[in-house]
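Comments concern the structure below.
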Amino acid sequence: MFISFEGTEGVGKTTLIRKLHEHFQHLAKDVVLTREPGGTPMAEQIRSLLLSVNHEETMSNDTELLLMYAARAQHLEAVILPALAADKIVLCDRFTDSSFAYQCAGRGLDREKLKVLNDGFVARMPDITFWLDAPIETGMLRARERGALDRFEQEKATFFEKVRSGFAEIHENEPARMKRLDATQTPEQVFQQALLHLQQI
Ligand code: Z5A
């Protein structure tokens with residue numbers, strides 16, 4: 001099973017993934033915990049490039065999109081597809097929905113570009129996606145206690161509102177795959193919401 005986790009910054013994806021990881025391990029399931037952009041040494045290098053604020057030039061929106069998919073192609077081939085072929089459970093922090101929400105809804109890139117990349121380079125979509133949804137300010141407050149902000153975190157709240165509406169659009173179009181979790185609840189309550197959906201499938 002391939003499970004992805006989506007949402008704007010600081011909504012609690014990592015926290016939920018850790019809890020589910022523990023839960024599956026107790027059930028003696030073979031679980032792979034991974035993230036995007038990243039998940040392999042090469043893809044992690046691309047992640048550093050994407051998140052860095054120390055570039056001498058502005059990264060174009062097209063470059064950002066293509067780097068996300070370069071990292072994803074490597075991640076799919078080296079980690080996700082082999083794990084699924086070996087019947088493991090893959091828990092992935094962000095996947096293609098983030099590209100739609102951030103690069104298309106947020107940055108305003110043409111959706112046709114994303115479709116070409118998804119059709120050409122994404123051999124497998126998640127079986128279920130948890131969209132952790134909370135008001136932008138809630139996530140920002142939680143995340144920003146960590147200190148230095150990366151290239152995405154430096155964006156304004158209006159950008160993240162667009163990103164949130166991008167996730168809402170996917171949820172509306174694909175309710176069977178994407179499940180909305182109320183991320184304003186406690187970590188334990190968010191975990192219980194996710195478990196309920198997993199039991200249903
Ligand atoms: N990006 C993109 O643009 N396009 C793409 O295709 C992909 C990604 C794949 C890096 O992602 C950036 O890449 C991301 C979008 C872009 N940028 N942004 N923004 P990332 O996932 O690494 O970055 P992030 O979203 O900023 O992750 P995060 O800040 O680590 O958030 P999180 O994992 O959702 O939250 P958390 O670490 O679990 O929790 C944050 C804090 O809140 C922490 O102190 C927790 O203890 C606390 N927390 C968690 N849950 C709760 C609840 N329920 N109540 C109270 N407090 C809580």
Side-chain angles (χ1 to χ4, degrees), residues 4-22 33-40 43-44 46-53 59-76 79-80 91-109 111 113-115 117-118 121-122 125-126 129-164 166-167 170 180-194:
S4 64
F5 300 80
E6 299 284 3
T8 44
E9 68 159 329
V11 284
K13 299 179 306 300
T14 313
T15 305
L16 174 61
I17 290 170
R18 287 206 191 110
K19 278 175 125 17
L20 280 172
H21 188 204
E22 241 171 64
L33 208 158
T34 189
R35 69 172 181 182
E36 289 210 347
T40 84
E44 287 291 330
I46 299 175
R47 177 189 178 92
S48 303
L49 200 57
L50 277 160
L51 299 193
S52 172
V53 290
M59 186 180 291
S60 85
N61 291 339
D62 281 345
T63 302
E64 184 177 280
L65 177 73
L66 291 169
L67 284 175
M68 290 293 175
Y69 274 81
R72 182 161 297 136
Q74 187 66 21
H75 188 214
L76 266 167
V79 176
I80 298 179
L91 304 179
C92 188
D93 196 338
R94 299 191 180 280
F95 197 59
T96 53
D97 298 318
S98 278
S99 303
F100 178 80
Y102 282 80
Q103 280 67 57
C104 294
R107 302 278 195 226
L109 277 183
R111 291 153 186 235
K113 290 182 177 173
L114 191 87
K115 188 179 177 316
L117 291 167
N118 281 336
F121 302 102
V122 180
M125 282 296 284
T129 298
F130 290 121
W131 167 36
L132 285 82
D133 186 37
I136 298 304
E137 308 75 46
T138 307
M140 278 181 152
L141 276 175
R142 286 182 193 165
R144 289 175 183 206
E145 281 171 8
R146 285 183 304 218
L149 303 182
D150 67 35
R151 207 171 55 82
F152 288 94
E153 289 167 344
Q154 289 189 344
E155 290 293 337
K156 297 197 177 72
T158 48
F159 171 77
F160 290 109
E161 291 294 356
K162 289 187 213 162
V163 172
R164 187 182 181 197
F167 286 125
I170 303 170
R180 180 185 175 276
L181 306 182
D182 177 357
T184 61
Q185 297 195 341
T186 65
E188 181 56 30
Q189 287 170 324
V190 175
F191 171 63
Q192 291 301 332
Q193 292 178 54

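Atoms within each ligand, like the ligands themselves, are counted from 1 in listed order. Position 1 is the first residue of the sequence, and the numbers go up from there. Predicted model only: the values in this text are computed from it and were never measured. Quick note: numbers below take in every heavy atom, side chains included, and nothing from hydrogens, waters or symmetry partners.
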Point to revise | Salt bridge flag under 4.0 Å for residues Glu155 and Arg107 | key: yes
Check your understanding: For Ser48, what residues pass the side-chain contact (heavy atoms from CB on, under 4.5 Å) criterion, not counting sequence neighbours?
Key -> none
Check your understanding: When you check the gap from the basic side-chain N to the acidic O, do Arg47 and Glu36 get nearer than 4.0 Å?
Key -> no
**Study point:** Set of side-chain contact (heavy atoms from CB on, under 4.5 Å) partners for Gln185, sequence neighbours left out
**Key:** Asp182, Gln189, Val190, Gln193
Practice item. Go through the structure and list residues passing side-chain contact (heavy atoms from CB on, under 4.5 Å) with Val53, not counting sequence neighbours. Key: Arg151, Gln154
Every pair of nitrogen or oxygen atoms between ligand 1 and the protein that is under 3.5 angstrom apart - can you list them with their distances to 0.1 Å?
residue: ligand 1; atom: 3 (O); partner: Gln103; partner atom: NE2; Å: 2.9
residue: ligand 1; atom: 4 (N); partner: Gln103; partner atom: OE1; Å: 2.9
residue: ligand 1; atom: 6 (O); partner: Arg72; partner atom: NH2; Å: 3.1
residue: ligand 1; atom: 6 (O); partner: Ser99; partner atom: N; Å: 3.2
residue: ligand 1; atom: 6 (O); partner: Ser99; partner atom: OG; Å: 2.6
residue: ligand 1; atom: 11 (O); partner: Arg94; partner atom: NE; Å: 3.1
residue: ligand 1; atom: 19 (N); partner: Tyr102; partner atom: OH; Å: 3.4
residue: ligand 1; atom: 21 (O); partner: Arg94; partner atom: NE; Å: 2.7
residue: ligand 1; atom: 22 (O); partner: Arg47; partner atom: NH2; Å: 2.6
residue: ligand 1; atom: 25 (O); partner: Lys13; partner atom: NZ; Å: 2.9
residue: ligand 1; atom: 25 (O); partner: Arg94; partner atom: NH2; Å: 2.4
residue: ligand 1; atom: 29 (O); partner: Gly10; partner atom: N; Å: 3.4
residue: ligand 1; atom: 29 (O); partner: Arg146; partner atom: NH1; Å: 3.2
residue: ligand 1; atom: 29 (O); partner: Arg146; partner atom: NH2; Å: 2.6
residue: ligand 1; atom: 30 (O); partner: Arg146; partner atom: NH1; Å: 3.0
residue: ligand 1; atom: 31 (O); partner: Gly10; partner atom: N; Å: 3.0
residue: ligand 1; atom: 33 (O); partner: Thr14; partner atom: N; Å: 2.9
residue: ligand 1; atom: 33 (O); partner: Thr14; partner atom: OG1; Å: 2.4
residue: ligand 1; atom: 34 (O); partner: Val11; partner atom: N; Å: 3.3
residue: ligand 1; atom: 34 (O); partner: Gly12; partner atom: N; Å: 3.0
residue: ligand 1; atom: 34 (O); partner: Lys13; partner atom: N; Å: 2.8
residue: ligand 1; atom: 34 (O); partner: Lys13; partner atom: NZ; Å: 2.8
residue: ligand 1; atom: 35 (O); partner: Gly12; partner atom: N; Å: 3.2
residue: ligand 1; atom: 38 (O); partner: Thr14; partner atom: N; Å: 3.4
residue: ligand 1; atom: 38 (O); partner: Thr15; partner atom: N; Å: 2.8
residue: ligand 1; atom: 38 (O); partner: Thr15; partner atom: OG1; Å: 2.5
residue: ligand 1; atom: 53 (N); partner: Gln185; partner atom: O; Å: 2.8
residue: ligand 1; atom: 53 (N); partner: Pro187; partner atom: N; Å: 3.3
residue: ligand 1; atom: 54 (N); partner: Arg142; partner atom: NH2; Å: 3.3
residue: ligand 1; atom: 56 (N); partner: Arg142; partner atom: NE; Å: 3.4

Check your understanding: Are any non-hydrogen side-chain atoms of Phe100 and Lys115 less than 4.5 angstrom apart?
Key -> no
